[in-house]
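We name chains A, B, ... by the order of the sequence lines, and we start the count at 1 in each one.
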Protein chains: 4
Amino acid sequence: MPKTPDSSRRSEHSRQAILAATRALISEVGYEKVAIEAIAARAGVGKQTIYRWWPSKGAVIFDSILALSEDADGRDLALPDTGDLEADLKRVMRATVAEFADPDFEKPIRALTAEVINDAGLAAQYRDKLARPVDEAKKARLRGGQRAGQLAADADLDLVLEVLYAPLFQRWLQRSGPLTPEYADALVEAALRAFRPG
Amino acid sequence: MPKTPDSSRRSEHSRQAILAATRALISEVGYEKVAIEAIAARAGVGKQTIYRWWPSKGAVIFDSILALSEDADGRDLALPDTGDLEADLKRVMRATVAEFADPDFEKPIRALTAEVINDAGLAAQYRDKLARPVDEAKKARLRGGQRAGQLAADADLDLVLEVLYAPLFQRWLQRSGPLTPEYADALVEAALRAFRPG
Amino acid sequence: MPKTPDSSRRSEHSRQAILAATRALISEVGYEKVAIEAIAARAGVGKQTIYRWWPSKGAVIFDSILALSEDADGRDLALPDTGDLEADLKRVMRATVAEFADPDFEKPIRALTAEVINDAGLAAQYRDKLARPVDEAKKARLRGGQRAGQLAADADLDLVLEVLYAPLFQRWLQRSGPLTPEYADALVEAALRAFRPG
Amino acid sequence: MPKTPDSSRRSEHSRQAILAATRALISEVGYEKVAIEAIAARAGVGKQTIYRWWPSKGAVIFDSILALSEDADGRDLALPDTGDLEADLKRVMRATVAEFADPDFEKPIRALTAEVINDAGLAAQYRDKLARPVDEAKKARLRGGQRAGQLAADADLDLVLEVLYAPLFQRWLQRSGPLTPEYADALVEAALRAFRPG
DNA sequence: CTTTAACCGAGACGGTACGTCAGGTCTTTCC
DNA sequence: GGAAAGACCTGACGTACCGTCTCGGTTAAAG
């Protein structure tokens, strides 16, 4: 997201302080009320240092949340593969349900989502940097399932992922229902029925 | 949403002017930049008259969009019923896809969604006043499908609705893929496969 | 100050409550911060009842202070007359000094004076209703002094009064020096020297 | 009067524009109706720039009038000294009378006085910055009169000044009588009689 | 090594909008 | 028809932040 007029002279220390302060403020006061001035003050940084490297408040917030995942970049995104697609997916979906229940997770992701909804540019970055890698890992596991005859060989994997995850995400986002392990199981079962081979 | 300090003395004329001005501003400048002062000016109303009856900017915006649907309250929410569930659902889903492509629809719904994401109170109102009635109409049609043996009799209809609609909604919200009639069809087919009877 | 559109139907009870509430508020919050709404609330009166009978906030405040003196209207304004003008004046001036030191006296009179400075209409009322009667009483005593040969027979009594009182009033108003009994005496002595007979 | 959070970074241009705009508004709309917002707009300045450097509206108004006199700071405050105290004082008092009749002088001084009446802090500044230097110049001339045997050697010069000026100032402030050259003369004569030597 | 230019913390600046307060008007309801 | 109640439009309040713009001070590459 940096404008990188040069980048070589950029203070990494300030950059980290800004991102950390932003994350802290999101947790404390909520996304809407995070102020650039507060970030600068908290980070011990001049406002200009923020404006030099980020084009908007949304971009800073976005980057600060993105940075969380980048820490785990080297991490193995690969899904478990026991040979039993249904069992593996249920494990992953139950983990996702648990993750959504974590209050530390709540505010930043709601902030990120609100940002993404209203800014097409950030939406593109979100897809490229966050969603795509994760989705590719999931699709890799689904392809394994196709090879093992547990999933229709001609299934549109993007569609399968949507059928699996979108109901869960929507329920969380709109608080329209409880997120339980059973719900995770039910989604996996429905998706596998929908894309059963042959 | 009003605080109703009394409500009997409330000026209906001012109320309508405020909601109309809010809708106009959402379309013109986008949700984030709608200012209470601008609403008041446009509506020919004192700021205090807004603050007297709504607790926050979000509430005004929410109400203004809600009012749109309330105009159509008497409207027939019922889905078409030709006896062919798949055909009927495809018709409805294709219509939904078309609706999401309407630019007049875009900004208010993104605004409403952003509001709902970050405010649990508004989320509850959204479910009660907007989502539930529509969902009930849809479920009524699904029940018809169950009776006709086109849908599993024991299917959790809330889950069916989520599998049908959440992928569509998420794709639109996050701009993560194209919304085409074919996509609508594919979703209907997947959902019906997932909840096929017996 | 009332507009007296009719006056016959006027509620004397409301009028008194308004004036009393105004006086109380002047003492409590100071002249600048007295609000019509607060007066109305405190007096248990509608705002319109105030606006019906007084043209402005200044007028209400002015009247409320004026009313204090009107209570004492029947009172004997006459100065003491022992035959010794100097002694009598010193007694009166020392009493005035004491009165100015009374904190309950402070705020209303400063309020009244500020009102009078900036509003020529109120200034005229102030002179007619408050200043003149008192000044006439003082001049009566001075005329006694002239007859007794203690004061120049041709002295301009308005000027004598000004030389006596203006220094005292100015010192209090601008807080430009201490108000002591000795100061009162010094003023009387100076004035009598200035207007010594023959 | 500035709070001087630093002062070195302060924009002198803005400061001057604010004071000039304030003076202009006092003349145009009168002291009571001068609004900070109007000052800021007229001066082409953000409101915060006013609040940053002045604690209250009164302080701005006070400073703006004070600045007028500071322009003339190097000015010769000394009174004429022809050797004839009475003639010199009459000249000065007649000049004062004329000054009070100047309408450009009217509104600012009434504004300043109203401010000083109700704010002890401003009163102190008023005495130190405006009144004292002028009074000292006058007392210097009076001392000359004492040396020349035209004024009692033991006269309290502060008292003499009050007897001379307070009546004039009060008459103007309360509009309680005409300000004429003859009145100026009468005051000088009375004061000199009151503090005649020997 | 020195220059020198970009980066940095700091924070004043012209602005916009906030949410509150009060002014004076208008309307409703009661007595 | 006066009066209590209070909603209404208006406009100023003082505050919070915006994004831009100097200020010195530091720092790291280029000379």
Gap between atoms [atom1] and [atom2], on [X] and [N] respectively (whole Å):
X	N	atom1	atom2	answer
D:I39	F:dC13	CD1	C1'	13 Å
D:I18	E:dA12	CD1	C1'	12 Å
D:E32	F:dG11	CD	C1'	16 Å
A:R42	E:dA10	CZ	P	15 Å
C:K33	F:dG14	NZ	P	11 Å
D:R9	F:dG25	CZ	P	11 Å
C:L25	E:dA22	CG	P	11 Å
A:I50	F:dT20	CD1	C1'	14 Å

Q: On DNA chain F, check which nucleotide each of B:E37 and B:G44 is closest to and give me the residue with the more 5' one.
A: B:G44
Q.
Heavy-atom nearest nucleotide on DNA chain F for A:K57 versus C:Q48: which residue maps closer to 5'?
A.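 Comparing both residues, the 5'-ward one is C:Q48.
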(Q) Determine whether a donor-acceptor pair (one donor, one acceptor, N or O, separation below 3.5 Å) exists between the side chain of A:K47 and the base of F:dG19. (A)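 Indeed, a donor on one side and an acceptor on the other fall under 3.5 Å apart.
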Q.
As a test of understanding, state which of D:R23, D:R42, D:K33 forms a salt bridge (charged side-chain N to carboxylate O under 4.0 Å, His left out) with D:E28.
A. D:R42
Q. Within the pair C:S14 and F:dG2, is there a side-chain N or O less than 4.0 Å away from OP1 or OP2?
A. no
(Q) Please confirm whether the shortest side-chain N or O distance from B:T49 to OP1 or OP2 of F:dC9 is below 4.0 Å. (A)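 Looking at the OP1 and OP2 atoms of F:dC9, one of them is under 4.0 Å from a side-chain N or O of B:T49.
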Q: Would you kindly compare D:A40 and B:I36 by the position of their nearest DNA chain E nucleotide and give the one closer to the 5′ end?
A: D:A40
Q | Residue whose closest nucleotide on DNA chain E lies nearer the 5' end, C:A35 versus D:A43 | A | D:A43
Q: Evaluate the criterion salt bridge (charged side-chain N to carboxylate O under 4.0 Å, His left out) for residue pair B:E32 and A:K57; output intermediate values, then yes/no.
A: CA-CA 12 Å; B:E32 286 284 4; A:K57 186 173 83 167; over 6 Å; no
Q: Could you work out which one of F:dC17, E:dG24, E:dA12 sits closest to the side chain of D:W53?
A: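 Of F:dC17, E:dG24, E:dA12, E:dA12 is nearest to the side chain of D:W53.
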Q: Output the single nucleotide from F:dA7, E:dC13, E:dG9 whose closest atom is nearest the side chain of B:R52.
A: F:dA7
Q.
Does either side chain, that of D:E115 or that of D:Y31, offer a donor lying less than 3.5 Å from an acceptor on the other one?
A. yes
Q: Compute both the distance and the angle, then confirm whether B:R9 meets the cation-pi test with B:W53: under 6.0 Å from the six-membered ring centre, within 45 degrees of the axis.
A: no
Q. Roughly how far, to the nearest 0.5 Å, is OG of C:S64 from CG of C:L25?
A.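 Going from the CG atom of C:L25 to the OG atom of C:S64 covers 9.5 Å.
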